[in-house]
Undergrad: 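The following block contains the structure, expressed as structure tokens.
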2 protein chains.
Amino acid sequence: MPNYQQSPDPHDLDNVFQALADPTRRAVMTRLSEGPASVSELAKPFDMALPSFLQHLKVLEESGLVSSKKQGRVRTCEAQFKRLSEAEEWIAHQRAVWEGRLDRLGAYLEALQSTEKE
Amino acid sequence: MPNYQQSPDPHDLDNVFQALADPTRRAVMTRLSEGPASVSELAKPFDMALPSFLQHLKVLEESGLVSSKKQGRVRTCEAQFKRLSEAEEWIAHQRAVWEGRLDRLGAYLEALQSTEKE
DNA sequence: ACAACAATTAGCCAATTGCCTAAGTTTATT
DNA sequence: AATAAACTTAGGCAATTGGCTAATTGTTGT
């Protein structure tokens, strides 16, 4: 049976977290959360030469956080939330394990108190 | 009124995402989710010189994802989930905005269909 | 045809990252 | 007192990152 529900390639997580580790790129994601936009529209808020900004976009696309297509001379970009969700799930999982531990600690402490009462 | 519920400094998010953008450091977080450990205990699974590994730990500590204290010659490390939660919340917020948009799109499409029926 | 627009490519640069080895410091252990 | 253990510091190196300018490509408006 092929593994359709593939867990994310660790390398993908590398790229997603790397992409999010920059305020310019996070701001682009925030903008794109509200809907698609062209490259120059996305670039406008930033005090940066266009080629520099384009590198950020490239990082976002290569991480899978953004997709784009070109029509005529305009490239339109769109957020892709699949990878972002994978990152969120990785974090949630860590916390779940951690909280599982705290729960066991809580149970342990309760058990300890019961023992002390007897 | 002072702003007690400080939203995370963007620079903190930079550091947290940067810290998570490396498989070694994510593996350390996963290990620490299960409980504290010493430096050499953490380093053992990795085929890497100790000073190299220590740099990874330093990145994790400086991002606030890990705290540590030294007793005698042993440094014990512990996961700190505050920063991790901030990162998770940033992602969740983006998705919320995105999904809000999809909801409005859904409402729009419904309204459009009603219009077409009339 | 040609000018303007939107994006892209090429190439340069300084700073940062991620690894290494070698040597040092501070506790234990015998 | 000497050795071993557990880090820690210093310094070197190649690759990557994040910025720039200048020049180019492809598309649209006049």
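Within every chain, numbering begins at 1; the chains are lettered A, B, ... in the order of the sequence lines, protein sequences first and strands thereafter. Because the structure is predicted, anything quoted here is derived from the model rather than measured.
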Undergrad: Expressed as a whole number of angstroms, how long is the span from A/Phe46:CZ to D/dG19:P?
TA: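 Atom-to-atom, A/Phe46 to D/dG19, this comes out as 10 Å.
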Undergrad: Should B/Ser40 be listed as having a side-chain N or O under 4.0 Å from OP1 or OP2 of D/dC7?
TA: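 So the side-chain polar atoms of B/Ser40 do come within 4.0 Å of the phosphate oxygens OP1 or OP2 of D/dC7, strictly under.
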Undergrad: Nearest to the side chain of A/Met48 - C/dC20, D/dC7, D/dC20?
TA: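 Within the option list, the nearest is D/dC20.
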Undergrad: Could you give the CG-to-C1' distance, from B/Asp47 to C/dG18, as a whole number of Å?
TA: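 Rounded to whole Å, this separation is 14 Å.
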Undergrad: Can you name the closest pair of heavy atoms from A/Ala87 and B/Ile91 and give their distance?
TA: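 Smallest interatomic distance, heavy atoms only, reads CB-CD1, 4.0 Å.
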Undergrad: Quick check for you: among D/dC7, C/dA7, D/dG18, whose closest atom lies nearest to any side-chain atom of A/Arg25?
TA: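 Given the options D/dC7, C/dA7, D/dG18, the side chain of A/Arg25 is closest to D/dG18.
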Undergrad: Can you tell me if B/Ser68 and B/Glu61 form a side-chain donor-acceptor pair at under 3.5 Å?
TA: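 Their side chains do contain a donor-acceptor pair, which is all the 3.5 Å distance test asks for.
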Undergrad: Would you mind reading off the distance between A/Arg75 atom CZ and D/dG26 atom P, rounded to a whole angstrom?
TA: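 In whole Å, D/dG26 P lies 14 Å from A/Arg75 CZ.
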Undergrad: Taking only side-chain N and O atoms of A/Ser38, does any of them lie within less than 4.0 angstrom of OP1 or OP2 on C/dA6?
TA: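 Negative; the distance criterion is not met.
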Undergrad: Looking at DNA chain D, which of residues 58-74 of chain A put a heavy atom within less than 4.0 Å of it?
TA: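 Close to the strand are A/Gly72, A/Arg73.
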Undergrad: C/dA7 P sits how many Å from A/His56 NE2, rounded?
TA: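 Answer to the nearest Å: 17 Å.
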Undergrad: Please state how far atom CZ in B/Phe17 lies from atom C1' in D/dT17, giving the value in whole angstrom units.
TA: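 So the CZ-C1' distance, B/Phe17 to D/dT17, works out to 19 Å.
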Undergrad: Could you give the NZ-to-P distance, from A/Lys44 to C/dC5, as a whole number of Å?
TA: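 Whole-Å distance recorded here is 12 Å.
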Undergrad: Calculate the interatomic distance between B/Asp14 atom CG and D/dG18 atom P; express it in whole Å.
TA: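 Nearest whole value for this atom pair: 10 Å.
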Undergrad: Show your reasoning for whether side chain to side chain donor-acceptor pair (under 3.5 Å) applies to B/Thr76 and B/Gln71.
TA: CA-CA 8 Å; B/Thr76 302; B/Gln71 281 187 26; over 6 Å; no
Undergrad: Within the 4.0 Å heavy-atom criterion, would you say B/Ser52 contacts the bases, only the backbone, or no part of the nucleic acid?
TA: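 The residue B/Ser52 makes base contact.
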Undergrad: Cluster question for you: counting only ILVMFWY and a side-chain heavy-atom cut-off of under 4.5 Å, with indirect links fine, are B/Leu50 and B/Val74 together?
TA: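 No; tracing contacts between hydrophobic side chains, which count when under 4.5 Å, never links both residues.
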Undergrad: May I have the distance from B/Leu54 (atom CG) to C/dC20 (atom P), rounded to whole angstrom?
TA: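 It works out to 13 Å between those atoms.
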Undergrad: Can you give me the closest heavy-atom contact between A/Ala92 and B/Glu88, atom names plus distance?
TA: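 Answer, listing the atom of A/Ala92 first, then B/Glu88: CB-OE2, 3.5 Å.
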Undergrad: Ignoring the backbone of A/Leu50, work out which of C/dC20, C/dA7, D/dC7 is nearest its side chain.
TA: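 Side chain of A/Leu50 sits closest to C/dA7.
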Undergrad: Report all side-chain donor-acceptor pairs from residues 34-42 of chain A shorter than 3.5 Å, counting only partners two or more places apart or in another chain.
TA:
residue	atom	partner	partner atom	Å
A/Ser38	OG	A/Glu41	N	3.2
A/Glu41	OE1	A/Ser38	N	3.4
A/Glu41	OE2	A/Arg31	NH2	3.2

Undergrad: Looking only at non-hydrogen atoms, find the nearest pair between A/Ala79 and A/Met29 and report the distance.
TA: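 That closest heavy-atom pairing would be CB-CE, 4.2 Å.
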Undergrad: Please report the C-alpha distance between B/Glu78 and B/Ser67 in whole Å, then the side-chain angles of each, then the deciding distance to 0.1 Å, and finally whether the side chain to side chain donor-acceptor pair (under 3.5 Å) criterion is met.
TA: CA-CA 5 Å; B/Glu78 189 174 358; B/Ser67 68; 4.5 Å; no
Undergrad: Do B/Met48 and B/His56 have side chains that approach each other closer than 4.5 Å (heavy atoms only, starting at C-beta)?
TA: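 When only atoms from C-beta onward are counted, B/His56 and B/Met48 do touch, with a gap below 4.5 Å.
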Undergrad: So which protein nitrogen or oxygen atoms get under 3.5 Å of nucleotides 10-13 of chain D's nitrogens or oxygens?
TA:
none

